[in-house]
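Working notes for the structure below.
The sequence lines fix the lettering, A, B, ..., with proteins before strands; numbering per chain opens at 1. Predicted model only: the values in this text are computed from it and were never measured.
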Protein chains: 2
Amino acid sequence: MALNHAIMTALLDDRLSGYELTKAFDTSLGFFWKASHQQIYKALRDLEQQGLLESEDVPQAGKPDKVIYGLTEGGREALDAWVLGDSKATESKDDMFVKFYNLSADNAAHLREELAQRRQHDGERLALYRRIRARHYAQPESLPVRRRGIYLALLAGIRHCETRLAWAEEADALLASVIPERQSASAR
Amino acid sequence: MALNHAIMTALLDDRLSGYELTKAFDTSLGFFWKASHQQIYKALRDLEQQGLLESEDVPQAGKPDKVIYGLTEGGREALDAWVLGDSKATESKDDMFVKFYNLSADNAAHLREELAQRRQHDGERLALYRRIRARHYAQPESLPVRRRGIYLALLAGIRHCETRLAWAEEADALLASVIPERQSASAR
DNA sequence: CGCCGCATGTAATTAGTTACATGATTGT
DNA sequence: ACAATCATGTAACTAATTACATGCGGCG
């Protein structure tokens, strides 16, 4: 299960609570691995029980107390070993593309709307990643080794968004040409 | 569950057996949705029970008999309705990128190998999709509407592979620069 | 004779989603 | 008063993976 390893990866240089991890999985790491808070809290308990993580209660004033987790020596070793193992290439699943296989005059307008949502989403992601890049990864050559790996992942995310956005323009044009001519603009 | 709808989509113009569907999910449709034969056979039984598919036993000589499935009227309607609904954007999961977050001099050579495997895989995919495109989607403007949707999906697959391959070159160069200088080539 | 392709499944387990729950504090 | 953010969970369910099973025909 890679979720466990994604969590350990997020804990490489910070000690974080489940809540903080959940937010991390919504942003940076989240492009490559999604997880709900329910999954994360459970994984944290499992990992602690296996001795790969250790926890510490942090009482807080004005906020609920939290439990922060950090890697143990065993955790670091397990993570290192995992990286050296083989990984199967989890192919992606995307129902929007399946929907495209069903294109017709009746659903073209709807697909165009879904596509517009995706464009918006990808555009926001791209802007975010470009900001992160400008701030923290401007000169990749002068980064410490591990940060260079993160830079490469970030770069993959950027390229991916760019490609999707470019494709979406082509797709939009083709969809527009399929929508019946009545009042093709603003079809609910 | 989109698997059910992916299966129905594959049955839009052909009546197929579970085995044939499994192969289809390994090639064309498979870029957007992966499924094992166990999943597919189960889904087929479920869909038939719901009245969305109908089956027919086909005895064969020299081969085991098979059961082919086709869409019912209800199945077509259900599929049409599904396309018009909203779909959440199933974010992708890829442990190779998680591994990149763990880059070090110790694992750079290994990651480079994994990357090479991916490159090979993506290269084969790309060649396959380009062949399909050249054979069946050379002039997208003159295709019937539904085929244009499939063309767009295919195009997304092509662009995606191209992007990954281009990224992989950059990544490979950076990884190479991280591998310790002893005998950096062909480190097992 | 043993392996590969065809064809279809069962069973057990793991992973992930959805719905619901609690309770404090800060902002409108 | 009401919603939002912080913080952590349980329970029920659906989806996916992994392991195992069966049997025929053709190929080397």
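- Of the two residues near DNA chain C, A:Ser36 and A:Pro64, the one whose nearest nucleotide lies more 5' is A:Ser36.
- Atom CG of A:Asn4 is separated from atom P of C:dA15 by 7 Å (rounded to the nearest Å).
- Rounded to an integer number of Å, the gap from A:Asp57 CG to D:dG9 P is 10 Å.
- Between the NE2 atom of A:His5 and the P atom of C:dA15 there is a distance of 10 Å, rounded to whole Å.
- Spacing between atom NZ of B:Lys63 and atom P of D:dT22 amounts to 24 Å, rounded to whole angstrom units.
- When the P atom of C:dT25 is taken as reference, atom NZ of A:Lys66 falls 17 Å away, rounded to whole Å.
- Under 4.0 angstrom from either OP1 or OP2 of D:dT8 there lies at least one side-chain N or O belonging to A:Tyr41.
- OP1 or OP2 of D:dA16 has at least one side-chain nitrogen or oxygen of A:Lys93 nearer than 4.0 Å.
- Nearest-nucleotide assignment on DNA chain D puts the 5′-proximal partner with A:Asp65, out of A:Arg45 and A:Asp65.
- Judged by the 6.0 Å distance and 45° axis criteria, B:Arg15 is not positioned over the aromatic ring of B:Tyr69.
- For the pair A:Asp46 CG and C:dG16 P, the interatomic distance rounds to 12 Å; values are reported in whole Å.
- With a 6.0 Å cutoff to the six-membered ring centre and a 45° limit on the axis angle, A:Arg147 counts as a cation-pi contact of A:Tyr137.
- The stretch residues 14-30 of chain B comes close to DNA chain C through B:Ser17, B:Gly18, B:Tyr19, each having a heavy atom under 4.0 Å from the strand.
- In this structure, A:Gln60 reaches the D:dA7 phosphate: one of its side-chain N or O atoms is under 4.0 Å from OP1 or OP2.
- Side chain of B:His37, nearest nucleotide from D:dT17, C:dG9, C:dA7: C:dG9.
- Taking the six-membered ring where the residue is Trp, A:His5 and A:Trp82 present parallel rings, their angle staying beneath 30° rather than reaching 60°.
- Between B:Tyr41 and B:His37, the ring-plane angle classifies as perpendicular under the 30° and 60° cut-offs.
- Under the 4.0 Å criterion applied to side-chain N and carboxylate O atoms, B:Lys66 and B:Asp57 are not assigned as salt-bridge partners.
- Side-chain nitrogen and oxygen atoms of B:Gln39 include at least one within less than 4.0 Å of the OP1 or OP2 phosphate oxygen of D:dT17.
- Between the CG atom of B:Leu44 and the C1' atom of C:dT8 there is a distance of 11 Å, rounded to whole Å.
- The residues A:Asp94 and A:Arg118 are annotated as salt-bridged, a charged nitrogen and a carboxylate oxygen being separated by less than 4.0 angstrom.
- When the side-chain nitrogen and oxygen atoms of B:Lys42 are compared with OP1 and OP2 of D:dA16, none of them lie within a distance under 4.0 Å.
- Of the listed nucleotides (D:dG9, C:dC6, D:dC20), D:dC20 has the atom at the smallest distance from the side chain of B:Gln38.
- Checked against the 6.0 Å centroid threshold, A:Tyr151 and B:Trp167 do not count as a close aromatic pair.
- Taking atom CD on B:Gln50 and atom P on D:dT14, their separation rounds to 12 Å, with Å as the unit.
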